[in-house]
*Asks:* 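Provided herewith is a single structure, encoded as structure tokens, for subsequent inquiry.
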Amino acid sequence: MRIVHDWKGLADIDRGAAVALGNFDGVHRGHQQVIALAAKAAGQLKAPLGVISFDPHPRRIFQPDSPSFRLMQPDQQARALAGLGVDISYVLPFTQEFAEMTDREFVVEVLHKGLGVRDVAVGFDISFGKGRTGSPETMARYGEELGFGVSVAQAVGEGNSKFSSTAVREVLRDGHPEIAASILGRPFAIEGMVEHGRQLGRTLGFPTANVDLRDYVLPRFGVYATRTRLPDGREIAGVANIGVNPTIDGEIAPRLEVWLFDFDEDIYDQVIETDLVAFLRDEARFDGLDPMVAQIRTDAAQARALLLPEI
């Protein structure tokens with residue numbers, strides 16, 4: 001999969017795709033429906049399959065003070081899209097100038113002249129252009145005028161709920177990673193470089209890998225059963241705390257601290273990806289290290305029973 005970061009002056013090889021248009025944060029099952037429509041068109045047209053997303057996320061421009069909300073980092077998104085057979089990922093720079101484009105300017109200048117799209121697939125609730133005036137209906141009119149096809153994916157969901165990035169964020173904040181996984185089609189995962197911490201966990205007998213949460217949505221603070229993928233492909237079961245560890249003096253930014261079971265290797269400065277499998281309990285302040293260690297041992301036993309039931 002090629003990643004393209006602009007829409008101006010592209011080579012012929014990067015133009016003429018059938019594309020799915022959206023933010024695609026999470027690449028959840030609703031997003032996958034939009035991409036499937038684009039893939040169908042790509043097959044019929046014998047065109048490359050493309051996905052258009054934006055960086056930074058438009059919310060960062062329109063709501064700069066909003067809390068962290070991302071469901072995945074760029075590398076995670078790229079892997080998810082590649083796994084769906086995408087040929088070209090257009091990650092377009094969402095600047096203030098870009099935000100000032102009308103819906104027509106966006107379609108004409110970016111989609112038609114810039115990318116030369118042959119078909120555009122969108123979600124049923126998409127809006128685009130300054131003032132969010134663009135809709136699936138206006139996209140269809142522009143497509144008819146400019147000579148590209150348009151297909152619209154309908155809502156996908158279970159019961160009365162539709163799959164959406166907002167829904168994933170909400171259930172993560174409520175401490176339900178299993179529901180998030182059902183919407184995403186895979187576990188919600190936090191990826192980041194292992195940083196040096198205070199070494200307290202190692203001193204107490206449970207060394208943790210510490211990862212900054214960066215711009216991720218903050219899941220409910222607490223303890224989770226986890227699975228972590230290492231750079232070499234190994235997957236290690238573990239137990240993690242997400243939060244600020246209030247028992248220990250000194251303020252820290254919220255972070256992931258994961259204890260990998262039966263593992264004692266130096267992975268500092270390596271990038272790991274940790275799936276949140278199950279929420280075990282809320283983060284708590286303990287009256288000293290001994291009760292904290294005892295609770296962590298209990299948490300680890302519970303996580304092992306969930307993740308490694310045969311042991």
Side-chain angles (χ1 to χ4, degrees), residues 1-4 7 13-55 57-58 70-92 106-107 110-112 115-128 134-144 146-169 171 179-189 275:
M1 184 181 76
R2 301 189 303 282
I3 300 178
V4 177
W7 49 275
I13 193 174
D14 291 326
R15 302 181 76 253
V19 302
L21 172 66
N23 288 315
F24 298 107
D25 186 23
V27 193
H28 55 66
R29 290 165 63 188
H31 292 151
Q32 292 168 30
Q33 181 82 353
V34 180
I35 295 169
L37 282 180
K40 180 179 179 180
Q44 293 171 340
L45 296 168
K46 294 182 171 52
L49 171 59
V51 166
I52 300 173
S53 60
F54 305 94
D55 185 46
H57 192 290
R70 294 303 298 261
L71 296 174
M72 53 176 31
Q73 299 298 325
D75 286 350
Q76 292 175 294
Q77 186 182 59
R79 291 195 298 271
L81 294 177
L84 295 173
V86 174
D87 299 303
I88 310 171
S89 173
Y90 299 100
V91 185
L92 303 184
F106 170 72
V107 173
V110 178
L111 300 186
H112 179 57
L115 304 184
V117 298
R118 298 181 63 189
D119 190 274
V120 179
V122 297
F124 71 99
D125 58 352
I126 194 172
S127 59
F128 59 93
S135 66
E137 292 75 23
T138 56
M139 182 68 77
R141 290 199 297 271
Y142 292 140
E144 184 174 357
L146 298 170
F148 60 81
V150 175
S151 50
V152 181
Q154 299 307 308
V156 180
E158 295 174 350
N160 295 322
S161 300
K162 69 181 180 70
F163 296 143
S164 69
S165 300
T166 297
V168 177
R169 296 181 191 111
V171 297
I179 301 178
S182 73
I183 299 172
L184 292 167
R186 64 187 177 283
F188 169 71
D275 295 341

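These values consider heavy atoms only, across backbone and side chains, with no hydrogens, waters or symmetry-generated copies. Worth saying up front: this structure is predicted, and the values here are computed from it rather than measured.
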*Asks:* Would you please indicate if the ring centroids of F24 and H31 are separated by under 6.0 Å?
*Replies:*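 Ring-ring flag for F24/H31: true, centres closer than 6.0 Å.
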*Asks:* Is L146 atom CG crowded by more than 12 heavy atoms from other residues, nucleotides or ligands, each under 6.0 Å away?
*Replies:*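 Yes - once you tally the heavy atoms of other residues, nucleotides and ligands closer than 6.0 Å, there are more than 12.
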*Asks:* Can any side-chain N or O of H28 pair as donor or acceptor with the backbone N or O of S165 at less than 3.5 Å?
*Replies:*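 Side chain of H28 to backbone of S165: a pair is present.
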*Asks:* Can we say D125 and K162 salt-bridge, meaning some charged N sits less than 4.0 Å from an Asp/Glu carboxylate O?
*Replies:*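 A salt bridge links D125 with K162.
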*Asks:* Is it true that D25 and R169 make a salt bridge, defined as a side-chain N closer than 4.0 Å to a carboxylate O?
*Replies:*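 Salt bridge between D25 and R169, a charged N being under 4.0 Å from a carboxylate O: yes.
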*Asks:* Does the side chain of N23 reach to within under 4.5 Å of the side chain of P58, using non-hydrogen atoms?
*Replies:*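 A side-chain contact under 4.5 Å exists here.
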*Asks:* Please answer whether the main-chain N or O of M72 pairs with a side-chain N or O of Q77 as donor and acceptor at a distance below 3.5 Å.
*Replies:*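 Judged by distance alone, no pair lies under 3.5 Å.
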*Asks:* Please check if the side chain of R29 supplies one atom and the backbone of S182 the other of a donor-acceptor pair under 3.5 Å.
*Replies:*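 Here the side-chain-to-backbone pair exists.
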*Asks:* Of the non-hydrogen atoms in I183 and A167, which two are nearest, and what is the gap between them?
*Replies:*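 Heavy atoms of I183 and A167 come nearest at CD1-CB, 4.0 Å.
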*Asks:* Would you call F188 and D275 a side-chain contact if the rule is heavy atoms closer than 4.5 Å?
*Replies:*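 No, every pair of side-chain atoms sits at 4.5 Å or beyond.
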*Asks:* Go through it in stages, so that I can follow the logic: the residues are M1 and D87, the test is side-chain contact (heavy atoms from CB on, under 4.5 Å), and I'd like the CA-CA distance, side-chain angles, deciding distance and then a yes or no.
*Replies:* CA-CA 5 Å; M1 184 181 76; D87 299 303; 5.9 Å; no
*Asks:* For a 4.5 angstrom cut-off between non-hydrogen side-chain atoms, does F128 reach T138?
*Replies:*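 A side-chain contact exists here, since the closest heavy-atom pair is under 4.5 Å.
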*Asks:* Could you tell me if the side chain of M139 sits less than 4.5 Å from the side chain of L21, heavy atoms only?
*Replies:*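 L21 reaches M139 side chain to side chain.
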*Asks:* Is the closest basic N to carboxylate O distance between D14 and R2 below 4.0 Å?
*Replies:*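 Yes, D14 and R2 are salt-bridged.
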*Asks:* Side chains of V4 and S89, heavy atoms from C-beta outward: is any pair under 4.5 Å?
*Replies:*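 No. Closest side-chain heavy atoms not under 4.5 Å.
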*Asks:* Taking all non-hydrogen atoms of both residues, which atom of A18 and which atom of A47 are closest, and how far apart?
*Replies:*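 Heavy atoms of A18 and A47 come nearest at N-CB, 4.2 Å.
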*Asks:* Indicate yes or no: at least one non-hydrogen side-chain atom of I126 is less than 4.5 angstrom from one of P136.
*Replies:*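 A side-chain contact exists here, since the closest heavy-atom pair is under 4.5 Å.
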*Asks:* So do the side chains of V19 and V51 get within less than 4.5 Å of each other, counting heavy atoms only?
*Replies:*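 No, every pair of side-chain atoms sits at 4.5 Å or beyond.
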*Asks:* So, taking the atom named CD in Q76 and the one named CZ in R186, what distance separates them when rounded to the nearest 0.5 Å?
*Replies:*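 Taking CD in Q76 and CZ in R186, the distance rounds to 8.0 Å.
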*Asks:* So, the side chain of Q33 versus the backbone of G123: is there a donor-acceptor pair under 3.5 Å, distance only?
*Replies:*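 A pair under 3.5 Å: no.
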*Asks:* Taking all non-hydrogen atoms of both residues into account, name the closest pair between L37 and A121 and its distance.
*Replies:*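 Heavy atoms of L37 and A121 come nearest at CB-CB, 4.0 Å.
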*Asks:* Do the side chains of L115 and R15 get nearer than 4.5 Å, heavy atoms only?
*Replies:*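 The answer is no; the side chains never approach within 4.5 Å.
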*Asks:* Test side-chain contact (heavy atoms from CB on, under 4.5 Å) on L111 and Y142; report intermediate values, then the result.
*Replies:* CA-CA 10 Å; L111 300 186; Y142 292 140; over 6 Å; no
*Asks:* Could you go step by step and tell me if D119 and F148 meet the side-chain contact (heavy atoms from CB on, under 4.5 Å) rule?
*Replies:* CA-CA 5 Å; D119 190 274; F148 60 81; 5.7 Å; no
*Asks:* Show your working on side-chain contact (heavy atoms from CB on, under 4.5 Å) between V120 and V122 and close with a plain yes or no.
*Replies:* CA-CA 7 Å; V120 179; V122 297; 3.8 Å; yes
*Asks:* Identify the two heavy atoms, one from I3 and one from A78, that lie closest to each other, and give their separation to 0.1 Å.
*Replies:*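 Looking at all heavy atoms of both residues, the shortest contact is CD1-CB, 4.1 Å.
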*Asks:* Check V168 against A180 and note the closest heavy-atom contact, atom names and distance.
*Replies:*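 Scanning both residues, the minimum pair turns out to be CG1-CB, 4.0 Å.
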